[in-house]
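Below is one structure, written out as structure tokens, with a few remarks after it.
Values below: every heavy atom of this structure, side chains too, minus hydrogens, waters and symmetry copies.
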Amino acid sequence: QNGVIFMISIISTFYNDKEMAKLVMDSVLSQTYTDIEHVITDGASSDGSVELYESYEEKYAEAGKKLVWKSERDKGLYDGFNKAANLATGDYILVCTDPYINSSIIEEMMSKITDGDYDYIYGGMIFQKDGEIIRTWSGKPGNWRLGWMAATPTLLMKKSVWDKHGGFDTNYVSAADYKVQINIFKDETLKSAALPKPLINYYAGGTSNNGVKGKMRSIKECAKILRECRVHFGWFTNMCKTFIALFAYTFASHKKTDFKDN
């Protein structure tokens, strides 16, 4: 778009997870795209995370990037992300939970979304546990009514789209991101595109992927969300979504990942 440089606000939230916070910050620091504002909200960690953020302020400045962080009690993961989004000042919003596959990912994403003037884009990611791939998310386009959804950490959107449809519903423990996606997908005025390649190296263990109990809770929450969003035959959409996830885990490659954190 005529050589205009856009600011991207990458939002993260952590609680007593210093190791992951460091992995994510190192990954953001390594990105070749420099117009990055990394907004981190921390749930009043006591594991040395605050000292870590303080020590990284200068590193971000040296890399030509901006680190904004705040540590205070919150009401959980989604509340933390909402607080980070409220602090964001960029033209685009990207939720960040895990490291990027390599240092050119943000540049590729920003090039894609700005060149096509898309309202939002999405891509693929790998789920890895102890260095072994347990699920792959292709990032290819799909039909959300048939259970497809985008990988939330790859969902890059204009700030205006977040302001219209974003803000995680904190009444949900594990599927608030699904509600945001359904609201976005239902909006036929929005223009989107896919970047069908692995963008994120996801460390398994999220709230919707944490054992059978977590998966059952996620299925129930998704059913409620589909009703709230008035999706016709939502039960069928949820059934398809559950089947897709089950299939993906069952037939995962279980190869060792050869992706670096930076």
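- Side-chain contact between Phe6 and Ile113 is absent, with no heavy-atom pair separated by less than 4.5 Å.
- Residues Ser192 and Asp119 have side chains not in contact (no heavy-atom distance under 4.5 Å, counting atoms from C-beta outward).
- Residues Lys159 and Asp91 form no side-chain contact, since every pair of their non-hydrogen atoms from C-beta on lies 4.5 Å or further apart.
- Within the 4.5 Å cutoff, the side chain of Met110 has heavy atoms near those of the Leu156 side chain.
- Taking the ring axis of Tyr60 as reference, the NZ or CZ atom of Lys65 does not stay both within 45° of it and closer than 6.0 Å to the ring centre.
- A donor-acceptor contact shorter than 3.5 Å links the side chain of Ser27 to the backbone of Tyr100.
- For the 3.5 Å distance criterion, the side chains of Tyr172 and Asp177 fail to qualify, holding no donor opposite an acceptor.
- By the neighbour-count criterion of 12 heavy atoms within 6.0 Å, atom NZ of Lys140 is sparsely surrounded, having that number or fewer from other residues, nucleotides or ligands.
- Counting all heavy atoms, side chain and backbone alike, Ala88 lies closest to Glu37 at CA-OE1, 3.5 Å.
- Shown here for Thr154 and Gly124, the closest heavy-atom pair between the two residues is CG2-O, 3.7 Å.
- For the side-chain contact (heavy atoms from CB on, under 4.5 Å) with Phe14, the qualifying choice from Met25, Met20, Lys22, Glu19 is Met20, the only one to do so.
- Here the side chain of Gln31 pairs a donor or acceptor atom with the backbone of Ile105 at under 3.5 angstrom.
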>> Is there a side-chain contact (heavy atoms from CB on, under 4.5 Å) between Asn16 and Ser49? Walk through the geometry before answering.
In response: CA-CA 7 Å; Asn16 284 339; Ser49 292; 5.5 Å; no
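- The ring-ring contact (aromatic ring centres under 6.0 Å, His included) with Trp162 is formed by just one residue from the set Phe168, Phe81, Tyr92; it is Phe168.
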>> Apply salt bridge (charged side-chain N to carboxylate O under 4.0 Å, His left out) to residues Asp117 and Lys158 and explain how you reach the verdict.
In response: CA-CA 10 Å; Asp117 192 25; Lys158 288 180 177 178; 3.0 Å; yes
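- A distance-only check finds no donor-acceptor pair linking the side chain of Ser12 to the backbone of Ile40 [under 3.5 Å].
- Heavy-atom contacts from other residues, nucleotides or ligands closer than 6.0 Å to NZ of Lys186 number more than 12.
- By the ring-ring contact (aromatic ring centres under 6.0 Å, His included) test, Tyr120 pairs with no residue at all, sequence neighbours left out.
- For the atom pair CD1 of Ile134 and CZ of Phe127, the computed distance is 7.5 Å after rounding to the nearest 0.5 Å.
- Heavy-atom minimum distance, Thr97 versus Val24: O-CG2, 3.8 Å.
- Between the Lys191 side chain and the Gly116 main chain, a donor and an acceptor come within less than 3.5 Å of each other.
- Around the CD atom of Glu62, the shell of radius 6.0 Å holds more than 12 heavy atoms that belong to other residues, nucleotides or ligands.
- The aromatic rings of Tyr53 and Trp69 sit tilted, their planes meeting at an angle between 30° and 60°.
- Hydrophobic clustering (ILVMFWY, side-chain heavy atoms < 4.5 Å, transitive): Ile8 and Ile5 are in one cluster.
- In this structure, Ser45 OG and Leu52 CG are separated by 10.0 Å, a value rounded to the nearest 0.5 Å.
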> Could you go step by step and tell me if Ile36 and Ile10 meet the side-chain contact (heavy atoms from CB on, under 4.5 Å) rule?
Replying inline: CA-CA 7 Å; Ile36 292 175; Ile10 298 176; 3.8 Å; yes
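- Under the 4.5 Å side-chain contact rule for hydrophobic residues, Leu146 and Trp137 do not share a cluster.
- In this structure, the side chain of Asp98 engages the main chain of Tyr203 through a donor-acceptor pair within 3.5 Å.
- Atom OG1 of Thr34 sits about 12.0 Å away from atom CD1 of Ile106, to the nearest 0.5 Å.
- Sorted pairs that involve residues 235-247 and meet side-chain hydrogen bond (donor to acceptor under 3.5 Å, both in side chains), not counting sequence neighbours, are lacking altogether.
- Between the side chains of Thr41 and Thr13, at least one donor N or O sits under 3.5 Å from an acceptor N or O.
- When hydrophobic clusters are built by joining Ile, Leu, Val, Met, Phe, Trp and Tyr residues whose side-chain heavy atoms come closer than 4.5 Å, directly or via intermediates, Leu23 is grouped together with Leu67.
- Looking at heavy atoms from C-beta onward, Val161 lies in side-chain contact with Ile184 at the 4.5 angstrom threshold.
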>> side-chain contact (heavy atoms from CB on, under 4.5 Å) for Leu190 and Met157? Distances and angles first, verdict last.
In response: CA-CA 10 Å; Leu190 301 179; Met157 68 187 80; over 6 Å; no
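- The shortest non-hydrogen separation linking Ser104 to Thr32 is CA-OG1, 3.8 Å.
- Residues Tyr15 and Tyr56 do not share a hydrophobic cluster, defined by chaining ILVMFWY side chains whose heavy atoms lie under 4.5 Å apart.
- Judged by distance alone, the side chain of Asp47 and the main-chain N or O of Asp17 form a donor-acceptor pair under 3.5 Å.
- Within the 3.5 Å criterion, the main-chain N or O of Met149 finds no donor-acceptor partner in the side chain of Gln181.
- With values rounded to the nearest 0.5 angstrom, Leu29 atom CG is found 9.0 Å from His38 atom NE2.
- The shortest side-chain heavy-atom distance between Cys240 and Trp148 does not fall under the 4.5 Å cut-off.
- Cluster membership check: Leu94 does not share its hydrophobic cluster with Met7, using side-chain heavy-atom separations under 4.5 Å among Ile, Leu, Val, Met, Phe, Trp and Tyr.
- Residues Asn171 and Lys179 have side chains not in contact (no heavy-atom distance under 4.5 Å, counting atoms from C-beta outward).
- Heavy atoms from other residues, nucleotides or ligands lying under 6.0 Å from CD of Glu57 number more than 12.
- In this structure, the separation between NZ on Lys70 and CG on Asn86 is 9.5 Å, given to the nearest 0.5 Å.
- Taken from CZ in Arg145 to CG in Leu226, the straight-line distance is 10.0 Å, to the nearest 0.5 Å.
- Salt-bridge annotation for Asp42 and Lys18: absent, with no side-chain N of the basic residue lying under 4.0 Å from a carboxylate O of the acidic one.
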